Amino acid sequence: MAKKLRLLIVEDDPAHARLIMRGFRADMDEFELATSFSLRDAKSSIEAGTPDLVIVDLSLPDGSGAELIESDHLSQRYPVMIITSQGDEQTAVEMLKRGAIDYVVKSDGGFDELPRLSRRSIREWRLQREKIEAEIALRNSEQRYRALIDHSPMSIVVACKEQIVLVNGMALKCLGAHSTAQVISKSIHDFDIPDASAIARHAGENSANRFQAMMNEYVLRRIDGSLLDVELMTTTVDYYGQEATQYVFMDITLRKEAETEMRIRDRAIASASDGIFIVQLNRGEISVVDCNQAFLEIAGCHRESVREVGMNVIRCDSRYEARFQQIVSGIVARQPVRDTIRIHADNEDYRWVEIAISPVQVADSQNAHVVGVVHDITEKVNAEEEIRRRNAELAHFLRLTAMGELVAGLAHEVNQPLYAISNYAGTCENFLKTPENADFSSLRQCVSRIGQQARRAAEIIRRLRNYVSRTDPKVESVRVSDLLNDSIALLGPLLEEQAIEVQIEFEPSLPSVFVDKIQIEQVLTNLISNATDAIDDQNPDRIIEIEVRQVDVKHEAMVQVSVRDFGIGLPPDIDVFEAFQSTKQTGMGMGLSISRTIIESHGGKIWVEAAPSRGTIFYFTLPTTIQQVTGHADESDRICH
């Protein structure tokens, strides 16, 4: 059953009120009537329940019926029909302007027409309200749409027939415009914004689907002519009844630059000669997520196996397993580590590699990453080994050359114990010819002296043999006094011939040194021999001073040896440690060069200074620990290298 229309009749004349009620008598099934006799009662009734129509007399005892017309027409809750006994056209026009839905003059015919006029008024009122509400909704929708556009972080342009009619602030910024006047009414082609057909061709769409929303990358032209990389989406919209195209785009310049930089970085990593791998840490689990071709070649593996076996793809030499585990521990702890190890290659050969790892700092990342660089130093190690071998050969040659110069004196040294042995042996023979008269005490003394002289000759031969021997370098703990005694003993004949005295000064509690004994003896022999040559025949100070003391070098204890002569000194414009540089007319210029190589290979340093009064002082330092020689705590490294 349809709901009845509620009418409020406001009439102060009871007779007129009855006539109005009588006019609705035949339509009581459609209308529900209520009456009020004053303006005050009418307002109270309206507040109690809003009627569908108010029929009010223009003149009431407590005011004008027009007061029931609400001033805000947009929010008016009910229609008002004005009835009056003495009306004219001007009053009717005034009431309609104020917002009355209709104006009726009281008469018999007018009362009978009230039901029809009421239906029409309510219908017109509802149509007006629907129109007003639609206009308000449209206006609100337009405001929301404009607000969304204006405050959107995306650039938005709307074009009708390829002519720009709307642009937001972000689009102005992207296009390089300072005001909307620079963009509005311009063709989209002025900015190289593609039209619908161009977008369809770009996306491979047919004309039926070309207005479907799509995202593609384009290059737009800004106001100043510069180009802008954007990602653009287009949709069809209704713009005040016209079909329009809405372009939504965003500046992707930074993203394109980042992509370009990433591509360059990826290509650089892929083409790098060093092996590069990326490790991902997830809850302590290590997985190699990426690597370049150089890493695969150095490790001797295939890319498929890298993800399966992880860091085990690097097959480490068993002697370097502990170092490799330190590298793995550094990865887990995300700490920088650098070390040198030896690994197996794919052909079962060995490679020397230097591995350096560095953590990748990424904020708010659930996974941690570490980058590793593997540098193949096999050729470098082999080259260094070849240089060491050649230097050892050259040093051996120089020792042989030095012995050639000392051979006469050494022959005299050996002949002395041999001559003594011969004499004592002859004495023994004489004693044994007449055993009954033999002095056994003298005989025992001769035999004892024969043994002493034999041992003396053997010691001379031992020093000579050790000095000219060709053996692999071997680092061991040696007392500096032993090094000096053997070196001076070898040069004894030369020093005696030149009448030169060697004075040695030792610092108390001097530690032993870790050196290759033969190599350091060669350095000492070379320096003492050079000091002897620097003292000419007219020099009265025929002394060589050797001082040995402990020094601190970079917070580490080392032994410093100095060899001073009182000779003529060195020329100021010559580097005596440079190969083939010599102050002797017959010198090769290799002795001091080889000496520098030997000292530096032991982790020490050699240099020369002018003595305070005259002469020259050569200094060099020697290590007191094996770590200073090898750079590592494990002495076995020296053997591996």
Side-chain angles (χ1 to χ4, degrees), residues 215-217 229-231 250-382 632:
M215 291 291 291
N216 285 295
E217 293 183 4
D229 290 309
V230 299
E231 193 172 57
M250 65 176 177
D251 184 357
I252 59 171
T253 303
L254 294 178
R255 192 186 81 185
K256 296 288 286 186
E257 291 176 353
E259 291 175 353
T260 302
E261 182 180 350
M262 186 64 69
R263 283 195 297 270
I264 294 174
R265 188 177 303 165
D266 290 344
R267 291 176 184 175
I269 292 176
S271 60
S273 58
D274 288 340
I276 299 174
F277 63 94
I278 301 175
V279 173
Q280 177 178 310
L281 297 173
N282 188 358
R283 298 178 180 177
E285 295 292 330
I286 299 178
S287 59
V288 180
V289 296
D290 196 11
C291 64
N292 65 349
Q293 184 62 31
F295 175 80
L296 299 176
E297 294 174 356
I298 293 174
C301 62
H302 300 286
R303 190 175 296 275
E304 294 75 18
S305 62
V306 173
R307 285 183 175 268
E308 296 176 2
V309 300
M311 289 298 295
N312 292 329
V313 74
I314 300 177
R315 296 172 295 166
C316 179
D317 184 353
S318 59
R319 287 176 292 182
Y320 290 86
E321 185 64 32
R323 288 194 186 180
F324 181 68
Q325 291 305 319
Q326 288 181 355
I327 294 174
V328 175
S329 300
I331 293 175
V332 175
R334 300 184 66 195
Q335 296 293 328
V337 177
R338 180 187 296 270
D339 209 339
T340 300
I341 63 173
R342 193 166 73 160
I343 65 173
H344 291 278
D346 53 352
N347 55 359
E348 297 306 323
D349 290 337
Y350 286 102
R351 289 180 184 267
W352 286 99
V353 296
E354 185 181 65
I355 301 179
I357 62 171
S358 300
V360 179
Q361 303 294 340
V362 180
D364 302 328
S365 176
Q366 296 181 351
N367 297 321
H369 292 80
V370 176
V371 173
V373 178
V374 182
H375 181 47
D376 189 346
I377 59 172
T378 304
E379 293 184 0
K380 176 185 175 183
V381 171
N382 292 339
H632 303 286

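The shown structure was predicted, so the numbers you read here are calculated from the model rather than taken from an experiment.
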If you apply the rule side-chain contact (heavy atoms from CB on, under 4.5 Å), what do you find for Val381 with Thr340, and how did you get there? CA-CA 11 Å; Val381 171; Thr340 300; 5.8 Å; no
Closest heavy-atom contact between Arg303 and Asn292? NH2-C, 4.0 Å
Could you tell me whether the side chain of Arg323 and the main chain of Arg342 form a donor-acceptor pair under 3.5 Å? no
Mind checking salt bridge (charged side-chain N to carboxylate O under 4.0 Å, His left out) for Arg255 and listing every partner two or more places apart, or none if nothing turns up? Glu217, Glu231, Glu259
Contacts of type salt bridge (charged side-chain N to carboxylate O under 4.0 Å, His left out), residue Asp251, not counting sequence neighbours: none
I need the Glu297 CD to Asp376 CG distance, nearest 0.5 Å. 10.5 Å
Atom of Arg351, atom of Thr378 and distance for their closest heavy-atom approach: CA-OG1, 3.3 Å
What heavy-atom pair brings Val313 and Cys301 nearest, and what distance separates the two atoms? CG2-SG, 3.1 Å
State the CD1-CD1 distance between Ile314 and Ile341, to the nearest 0.5 angstrom. 6.0 Å
Distance in Å, Asp290 CG paired with Phe295 CZ, rounded so as to fall on 0.5 Å steps: 10.5 Å
Where is the tightest heavy-atom contact between Arg315 and Ala299, given as atom of each residue plus distance? NH2-O, 4.0 Å
For Val360, is there any backbone N or O sitting under 3.5 Å from a side-chain donor or acceptor partner on Arg334? yes
Euclidean distance, Arg263 CZ relative to Thr260 OG1, rounded to 0.5 Å: 4.5 Å
For the pair Tyr350 and His344, name the ring-plane relationship: parallel under 30°, tilted 30 to 60°, perpendicular over 60°. tilted
Once side chain to side chain donor-acceptor pair (under 3.5 Å) is applied, do any residues pair with Asp274, and if so which ones, sequence neighbours excluded? His375
Tell me whether Arg338 contacts the main-chain N or O of Glu354 through its side chain, where contact means a donor paired with an acceptor under 3.5 Å. no
d(Tyr320 OH, Gln326 CD) to nearest 0.5 Å is 13.0 Å
Work out which heavy atom in Ile331 is nearest to a heavy atom in Val370; give both atom names and the distance. O-CG2, 3.9 Å
Residues Asp229, Lys256: salt bridge by 4.0 Å N-O rule: no
